[in-house]
Amino acid sequence: LITIIFIKTSSSKNSGIAIVPSYQPDFDVDAAVHNYFAQRAGEPLPPPPPAGAATIDSGRAKWTAWLRTQPVAALDDWWTRFRAATADGAARAAATLQDWAAEVDIDALGLGPRQAVGWWLRLGDALGQPTAGAPPVWHQWRSIVCYEAALRRLNEAATGDPTAVDRDAPLPREWAMAQANLASAWLYLEAGDQATNARYAITCASAALWVFHAAEHPRDWAWAQHVLAAAWRLRPDGDRAANLRNALACYAAVASALPEAELPREWARAQRDLARTWRELPDGDATTNLRHAAEHFAAAARGLGISLK
């Protein structure tokens, strides 16, 4: 489960809330997925992923043996095979590789905080990719529990308490990346109450932006801003116009802060999303809104090198 806590720091701009994973010793990804569904009233649990393909069984046994003596080598070899399987479109092999990784408790391998957190984040990315046999929601939950495991390890390394939060602790970029990844996972989760999921996404993306700044981490900052904007834009409850204006503020911040010449794709994406949001805005003058939308669509096309003539 997750806990939402309020944080008060010496600087008022850094006060806020953050997602904190509840501590789960002897962590197991799929067991955590079952736990999530058990806690959501009336939520049907999807079937687990299918049994692995026989062609990968020898690799599974080798990695399991490696984990006892050379955990990083085993994980690196698994990561190489997984990327190859997904690049080649071998969905069943990729699913089998995911199943093996879901059984690994990274925290039990004796890795340092940076390595452990890096692998939890990597597993979250890998296990979140849809593959053969399992419903998308299963992969989405897998990625959520991995990102929360990364946060748990970071919190524990900083304070000795896995349920505490210290955003100024060592590895702040990894902490922010875990929050941003978690925000995206919650936002696009195809289960539960979408308004609640969007609020979790807003909380996590806002936490990431305590650390990411446009001048120091332009791409990470832009992505976190995009996730925050998308959460406001897709949030189904509250004042629709206010939600969209919050999204506009995030997209406008990206468009104004990023140099078009150096980060053309990120800049063009912000322009595209500004156009879409202006087009959806339900208040204000409709003609003005559409003019803004047209201007930003034209800017996005220019940034991507697309001629509108």
Does R291 have more than 12 heavy atoms from other residues, nucleotides or ligands lying within 6.0 Å of its CZ?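 Counting other residues, nucleotides and ligands, CZ of R291 exceeds 12 neighbours.
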Is the CD atom of E262 crowded by more than 12 outside heavy atoms at less than 6.0 Å?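 At most 12 heavy atoms, drawn from other residues, nucleotides or ligands, come within 6.0 Å of this atom.
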When rounded to the nearest 0.5 angstrom, what is the spacing between [atom1] in [X] and [atom2] in [Y]?
X	Y	atom1	atom2	value
I106	Q115	CD1	CD	10.5 Å
L182	T203	CG	OG1	10.0 Å
N197	I202	CG	CD1	11.0 Å
D273	R233	CG	CZ	6.0 Å
Q140	L127	CD	CG	13.0 Å
D125	M177	CG	CE	9.0 Å

Compare all side-chain heavy atoms of Y147 with those of Q179 and state whether any distance is below 4.5 angstrom.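 No, their side chains stay 4.5 Å or more apart.
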Just by modelled atom types, is the L244 backbone N or O under 3.5 Å from a matching donor or acceptor in the W232 side chain?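 Side chain of W232 to backbone of L244, a donor-acceptor pair under 3.5 Å: no, none is there.
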Between the main-chain N or O of A242 and the side-chain N or O of D283, is there a donor-acceptor pair closer than 3.5 Å?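 Judged by distance alone, no pair lies under 3.5 Å.
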If you draw the axis of the six-membered ring of W119, does the NZ or CZ of R122 fall within 45° of it and under 6.0 Å from the ring centre?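 Yes, cation above the ring, under 6.0 Å and within 45°.
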Ring centre gap for W141 and W186 strictly below 6.0 Å: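 Centroid separation for W141 and W186: below 6.0 Å.
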List the steps, then state whether side-chain contact (heavy atoms from CB on, under 4.5 Å) holds for L290 with W278. CA-CA 7 Å; L290 289 175; W278 273 112; over 6 Å; no
Among E260, Q225, R219, which residue satisfies the side chain to side chain contact (heavy atoms under 4.5 Å, CB included) criterion with E266?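 Going through the options one by one, the only one that passes is R219.
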Quick one, L109 with L75, criterion side-chain contact (heavy atoms from CB on, under 4.5 Å). Give me CA distance, side-chain angles, the key distance, then yes/no. CA-CA 11 Å; L109 299 180; L75 292 170; 4.1 Å; yes
Taking the six-membered ring for Trp, are H292 and H296 parallel (under 30°), tilted (30 to 60°) or perpendicular (over 60°)?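 Ring orientation, 0 to 90° scale: tilted.
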